[in-house]
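Below is one structure, written out as structure tokens; comments come after it.
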Amino acid sequence: MPLMPKRVKYRKAQRGNRSGFAQSGCTLEFGEYGLKALERAWVTAIQLEACRVAINRELKRKGKMWIRVFPDKPISKKPLEVRMGKGKAAVDKWVAVIKPGRVLFEVDGISEEQAREALRLAATKLPIYTQFIRRGR
């Protein structure tokens with residue numbers, strides 16, 4: 001089961017505004033190394049899960065990983081070949097709104113080469129450009 005909220009106040013949400021830069025979550029808080037977003041996007045729960053699996057496979061039970069984003073925005077989609085109207089469609093997927101500068105993942109307890117490789121593998125699963133960051137820089 002992909003990441004999604006247990007319950008929400010409103011079942012369907014509007015598209016919202018993705019402009020600007022990340023105001024919070026821009027620095028490393030837990031780990032020594034991290035993956036920072038350089039573009040804005042909606043990252044789906046399935047993409048985040050693919051990243052988590054890729055990082056865990058590379059870490060091989062060493063080190064620790066933190067996921068710093070959560071898909072809490074519902075995106076609705078009408079089925080194919082359905083006419084316009086008849087109200088807003090059912091929720092299709094959950095996304096995390098990512099703005100430039102946001103730290104997506106953090107890792108600790110491993111060497112820099114291992115962290116670089118693990119986060120590189122995770123970055124290939126994402127629809128945006130990202131940057132490897134290190135504490136103290």
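Position 1 is the first residue of the sequence, and the numbers go up from there.
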Scan the side chains in residues 50-59 for donor-acceptor partners under 3.5 Å anywhere in the protein, sequence neighbours excluded, and list what turns up.
from	atom 1	to	atom 2	distance (Å)
R52	NE	E49	OE1	3.1
R52	NE	E49	OE2	3.4
R52	NH2	E49	OE2	2.6

- prompt: Donor-acceptor pair, R40 side chain versus R18 backbone, under 3.5 Å?
  reply: yes
Before you tell me yes or no, could you show the steps for R116 and E112 under side chain to side chain contact (heavy atoms under 4.5 Å, CB included), namely the whole-Å CA-CA distance, both residues' side-chain angles and the distance that decides it to 0.1 Å? CA-CA 6 Å; R116 249 179 218 284; E112 183 172 344; 3.1 Å; yes
Does W66 form a side chain to side chain contact (heavy atoms under 4.5 Å, CB included) with K64? I'd like the steps, not just the answer. CA-CA 7 Å; W66 292 268; K64 183 156 172 53; 3.6 Å; yes
Exercise. Hey, mind stepping through L119 and V107 against side chain to side chain contact (heavy atoms under 4.5 Å, CB included) and telling me if it holds?
Worked result: CA-CA 9 Å; L119 294 174; V107 292; 4.2 Å; yes
With sequence neighbours left out, the residues meeting side chain to side chain contact (heavy atoms under 4.5 Å, CB included) with Q131 are K36, L38, I133
- Task: Return yes when atom NZ of K125 has more than 12 non-hydrogen atoms of other residues, nucleotides or ligands closer than 6.0 Å, and no otherwise.
- Result: no
Between the NZ atom in K93 and the CH2 atom in W42, the distance rounded to the nearest 0.5 Å is 8.0 Å
CD (E32) and CD1 (I110) are apart, to the nearest 0.5 Å, by 10.5 Å
Take a 6.0 Å sphere around CD1 of I67 and say whether it holds more than 12 heavy atoms from other residues, nucleotides or ligands.
yes
Would you say OH of Y129 has more than 12 non-hydrogen atoms from neighbouring residues, nucleotides or ligands within 6.0 angstrom? no
Review point. Quick one: does Q47's side chain have a donor or acceptor within less than 3.5 Å of a partner on L126's backbone?
Key: no
_Walk me through whether W94 and L48 qualify under side chain to side chain contact (heavy atoms under 4.5 Å, CB included)._
CA-CA 11 Å; W94 292 86; L48 288 173; over 6 Å; no
Just wondering, more than 12 heavy atoms not from R11 lying within 6.0 Å of its CZ? no
